[in-house]
Amino acid sequence: MTVVPPVVDASHHLSHDELVHLRSRVIALEQAMIAMMAGGSDDQRALIHDMAAFVRPPMDAVQDPLMMHAADLMDHMADRATLLARVLG
């Protein structure tokens with residue numbers, strides 16, 4: 001049996017201004033997380049990659065695009081933090 005996750009469309013509940021504000025807050029949080037990860041150790045950044053692998057569904061499971069995208073973003077943020085750590089170090 002295939003399980004289909006529910007589709008949530010927040011655009012019906014949030015105004016354009018609220019969505020813009022939410023996006024800017026998410027961007028700010030992402031940048032803050034990258035800065036904090038850059039200050040951490042290589043092992044801590046590797047843990048982010050490990051968690052991204054854990055978030056990805058197993059190959060024999062339903063491939064949830066949202067979870068796969070989230071895992072890709074986690075990897076990308078950890079990679080950016082590693083680059084920032086090199087620049088700052």
Side-chain angles (χ1 to χ4, degrees):
M1 180 170 134
T2 303
V3 178
V4 179
V7 175
V8 178
D9 185 3
S11 65
H12 293 294
H13 304 289
L14 298 174
S15 71
H16 174 73
D17 289 342
E18 290 169 324
L19 284 173
V20 168
H21 185 173
L22 182 60
R23 283 182 180 162
S24 64
R25 291 181 73 178
V26 169
I27 291 168
L29 285 170
E30 179 180 309
Q31 299 308 312
M33 283 300 304
I34 290 168
M36 287 191 293
M37 286 189 291
S41 68
D42 290 338
D43 287 341
Q44 288 171 322
R45 287 187 295 276
L47 185 60
I48 301 296
H49 287 294
D50 292 344
M51 188 62 192
F54 180 76
V55 167
R56 283 186 182 87
M59 292 306 291
D60 60 344
V62 174
Q63 298 299 302
D64 181 358
L66 187 60
M67 294 301 286
M68 294 172 68
H69 184 64
D72 290 343
L73 288 172
M74 292 170 69
D75 280 333
H76 183 68
M77 286 174 59
D79 290 342
R80 287 178 58 199
T82 298
L83 290 174
L84 180 58
R86 289 180 185 155
V87 168
L88 297 176

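- Expressed to the nearest 0.5 Å, how far CD1 of I27 lies from CG of L22 amounts to 10.0 Å.
- Closest of all the heavy-atom pairs between A38 and A81 is CB-O, 3.5 Å.
- Atom CG in D50 sits 9.5 Å away from atom CE in M74 (nearest 0.5 Å).
- With hydrophobic clusters built from ILVMFWY side chains whose heavy atoms lie under 4.5 angstrom apart, M51 shares a cluster with M36.
- Between L84 atom CG and R80 atom CZ the span is 9.0 Å, to the nearest 0.5 Å.
- For Q31 (side chain) and V26 (main-chain N/O), no donor-acceptor pair under 3.5 Å exists by modelled atom type.
- Note that CD1 of I48 and CG of D43 are 12.0 Å apart. Values are rounded to the nearest 0.5 Å.
- Residue L47 holds its CG atom at 12.5 Å from CG of D42, rounded to the nearest 0.5 Å.
- To the nearest 0.5 Å, atom CE of residue M37 and atom CE of residue M77 are 4.0 Å apart.
- Between Q63 and P58, the closest heavy-atom pair is NE2-O, 2.7 Å.
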